[in-house]
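Accompanying notes for the structure given below.
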Amino acid sequence: MYSTLKKNVGESVRVVDFRSDTLTMPTSEMRSAMMEAAVGDDVYREDPTLIALEERAARELGKEAGLFVISGTMGNLIAIMVHCSGRGEEVIVGNMSHTFLYEQGAAAHLGGVQLATLPNLPDGTFSLDLLRKSIRSFDDHEPVTKLVVIENTHNLCGGRVIPLEWIREVRKICNENNMLLHMDGARLFNASTYLNIPVNEITKYFDSVTFCLSKGLSCPVGSVLVGSKDFIARARRLRKALGGGIRQGGILAAAGLVSLDSVVPILEGDHRRTRKIAEAIDKLRSPNIKVDLDCVQTNILMVRLVDIDANAMDFVRRLQEVTEEEIAAKLTDKEGKSIIVKISARDWGFCRIVVYIQITDEDIELAIKKISFVIREFEKKASK
């Protein structure tokens with residue numbers, strides 16, 4: 001398709017990797033804190049650093065208690081299993097939610113809980129009327145709807161922040177129907193940064209919340225689940241059953257404490273850099289490769305391919321190639337290194353770019369040069 005440069009480019013390549021904010025690395029401050037952390041056996045509740053992280057997370061999110069878990073997937077599963085402890089219970093989730101799509105059906109597989117989906121709207125919400133109509137418990141033939149799960153920010157809706165007015169309405173519906181409300185808040189702090197409000201102004205509507213430390217907050221491992229003292233006591237017991245009992249977990253928790261102090265305050269920079277890429281793509285006015293600036297709110301950018309004889313994976317692959325044409329156009333960094341850009345795609349029509357704190361302003365400028373070059377290349381091919 002393209003005249004590519006020889007594959008053995010070695011150190012002559014500069015890679016800018018936007019595949020996910022799970023690629024974040026612990027900062028030097030985190031590494032120091034991890035090495036020096038006071039630790040103990042957390043199964044005996046004797047790890048002071050882990051206890052400090054759980055207590056701080058609960059306090060900041062306005063809940064009574066917290067629990068460190070290995071991943072957001074584990075946190076969401078534990079929350080569902082605690083809230084839906086009876087037989088024949090059901091959870092309502094969006095059809096584009098991480099809980100439904102990317103957690104291996106663990107709620108059913110391990111928790112014996114049925115997930116019922118509602119179509120996600122472009123802003124990450126779903127119809128309140130459909131929610132009301134989907135609540136079940138009145139007929140002996142039906143499961144009992146016990147829980148609603150909301151994802152915030154919403155990954156597949158482009159990192160959109162869920163409107164507080166809508167959350168308030170969902171909370172009201174849950175109260176009216178004796179249901180509970182959980183937030184998959186993997187990127188919750190990005191939402192509070194965008195809204196410019198304390199995180200507890202979002203979480204106060206929820207019975208439980210998970211947030212991820214190992215995505216944009218740059219920690220190597222972990223998420224935190226928060227809720228009432230009774231909820232967390234039951235969650236801790238389930239964590240042990242799932243193999244999540246942690247011994248000297250303070251080594252990991254130390255990074256989490258640093259992230260709350262030093263990474264959360266600079267998340268706005270990730271949002272700004274993401275928007276810079278979006279505006280550069282939009283400025284090209286490509287009829288085939290587009291972004292929606294109105295949807296760009298946090299650190300995730302969805303790039304759409306339309307009316308073109310190529311798909312998202314073609315675009316992803318091309319950004320990872322270096323061609324003779326690029327060399328001739330001097331598409332390099334200051335040291336003369338060619339540019340490779342890594343992004344992800346799970347859909348034929350969309351690619352995803354995710355920015356995180358290790359992505360620099362220089363990385364953004366280089367990525368814009370490369371992406372713009374490839375978009376123009378795709379346009380030329382489409383016009384033939």
Side-chain angles (χ1 to χ4, degrees), residues 14-35 37 53 56-57 60-61 68 71-72 98 152-155 158-161 184-199 202 210-224 251-280 296-303 319 333-334 339-344 351-371:
R14 168 79 170 265
V15 178
V16 183
D17 199 336
F18 293 122
R19 286 174 298 166
S20 175
D21 46 6
T22 59
L23 296 166
T24 51
M25 295 292 180
T27 65
S28 57
E29 186 183 358
M30 286 179 186
R31 292 175 187 268
S32 296
M34 293 168 73
M35 184 171 64
L53 173 63
R56 178 168 175 185
E60 291 202 13
L61 273 64
F68 182 86
S71 68
H98 192 279
N152 192 20
T153 66
H154 200 293
N155 176 18
R160 296 289 291 271
V161 176
D184 174 4
R187 298 178 177 91
L188 171 62
F189 285 92
N190 292 91
S192 67
T193 297
Y194 174 78
L195 294 173
N196 194 29
I197 60 175
V199 70
I202 303 172
T210 56
F211 71 89
C212 190
L213 294 165
S214 64
K215 290 190 172 71
L217 299 193
S218 212
C219 297
V221 178
S223 291
V224 182
I251 293 173
L252 301 174
L257 289 167
V258 172
S259 73
L260 294 175
D261 286 332
S262 63
V263 179
V264 169
I266 62 173
L267 288 177
E268 188 278 331
D270 296 344
H271 300 181
R272 173 176 52 80
R273 294 181 183 94
T274 305
R275 187 159 192 92
K276 191 167 187 179
I277 300 171
E279 289 173 346
V296 183
Q297 296 179 339
T298 57
N299 67 323
I300 297 176
L301 170 62
M302 305 301 276
V303 181
L319 287 170
D333 69 3
K334 291 182 293 187
I339 305 163
I340 282 177
V341 173
K342 293 184 177 183
I343 63 177
S344 65
C351 306
R352 189 186 72 163
I353 291 171
V354 187
V355 177
Y356 46 93
I357 67 167
Q358 279 83 28
I359 297 292
T360 65
D361 288 330
E362 182 185 4
D363 289 329
I364 296 297
E365 295 298 334
L366 294 173
I368 287 171
K369 286 169 62 176
K370 174 79 172 201
I371 292 168

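Note that this is a predicted model, so its numbers are computed, not measured.
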4.5 Å side-chain heavy-atom contact, Leu213 and Val221: no
Are Lys276 and Glu365 close enough that some pair of their side-chain heavy atoms sits under 4.5 Å apart? yes
So, for Ala33 and Val258, which heavy atoms are closest and what is the spacing to 0.1 Å? CB-CG2, 3.7 Å
Within the 4.5 Å heavy-atom criterion, are Thr298 and Arg187 side-chain neighbours or not? no
Side chain of Gln297, backbone of Tyr194: donor and acceptor closer than 3.5 Å? no
Within this structure, what is the CG-CZ distance for the pair Leu61 and Phe189, rounded to the nearest 0.5 Å? 5.5 Å
Residue pair Val296 / Ala278: nearest heavy atoms and the distance that separates them: CG2-CB, 3.8 Å
What I want to check is whether the side chains of Asn190 and Thr193 have a donor and an acceptor closer together than 3.5 Å. no
Heavy atoms only: give me the nearest Ser71-Ser223 pair and the separation to one decimal. C-OG, 3.5 Å
For the atom pair OG1 (Thr274) and CD1 (Ile353), what is the distance rounded to the nearest 0.5 Å? 8.5 Å
Pair Val16, Lys370 - check side chain to side chain contact (heavy atoms under 4.5 Å, CB included), show working. CA-CA 10 Å; Val16 183; Lys370 174 79 172 201; over 6 Å; no
Any non-hydrogen side-chain atom of Leu217 less than 4.5 Å from a side-chain atom of Leu267? yes
Test item: Asn152 side-chain N/O and Gly185 main-chain N/O as donor-acceptor pair under 3.5 Å: no
Test side chain to side chain contact (heavy atoms under 4.5 Å, CB included) applied to Phe18 and Val341, step by step: CA-CA 7 Å; Phe18 293 122; Val341 173; 3.8 Å; yes
How far does CD1 of Ile340 sit from CG of Leu319, to the nearest 0.5 angstrom? 10.0 Å
Measure the CZ-CD distance between Arg273 and Glu268 for me, rounded to the nearest 0.5 Å. 8.5 Å
Side chain to side chain donor-acceptor pair (under 3.5 Å): pairs with one or both residues in residues 22-33, sequence neighbours excluded: Ser20-Thr22
Decide yes or no on side chain to side chain contact (heavy atoms under 4.5 Å, CB included) for Ile371 and Val303, but give the supporting numbers first. CA-CA 11 Å; Ile371 292 168; Val303 181; over 6 Å; no
Test side chain to side chain contact (heavy atoms under 4.5 Å, CB included) on Asp270 and Ile357; report intermediate values, then the result. CA-CA 6 Å; Asp270 296 344; Ile357 67 167; 3.7 Å; yes
How far apart are the closest heavy atoms of Gln358 and Ser218, and which atoms are they? NE2-OG, 3.3 Å
For Cys351 and Ile343, work out which heavy atoms get closest and say how close. CB-CD1, 3.6 Å
Give the minimum heavy-atom separation between Ala37 and Ala254, together with the two atoms involved. CB-CB, 3.8 Å
For Arg19, does its backbone N or O pair with a side-chain atom of Arg352 as donor and acceptor, under 3.5 Å? yes
Does the distance from a Lys or Arg side-chain N to an Asp or Glu carboxylate O, for Arg272 and Asp361, drop under 4.0 Å? yes
Rounded at 0.5 Å granularity, tell me how far CG in Leu23 sits from NZ in Lys215. 11.5 Å
Output for pair (Asp17 CG, Ile359 CD1), nearest 0.5 Å, gives 7.0 Å
For Asp261, all residues meeting salt bridge (Lys or Arg N to Asp or Glu O under 4.0 Å), sequence neighbours excluded: Arg56
Could you tell me which residues satisfy salt bridge (Lys or Arg N to Asp or Glu O under 4.0 Å) with Glu279, sequence neighbours excluded, listed by chain and number? Arg275
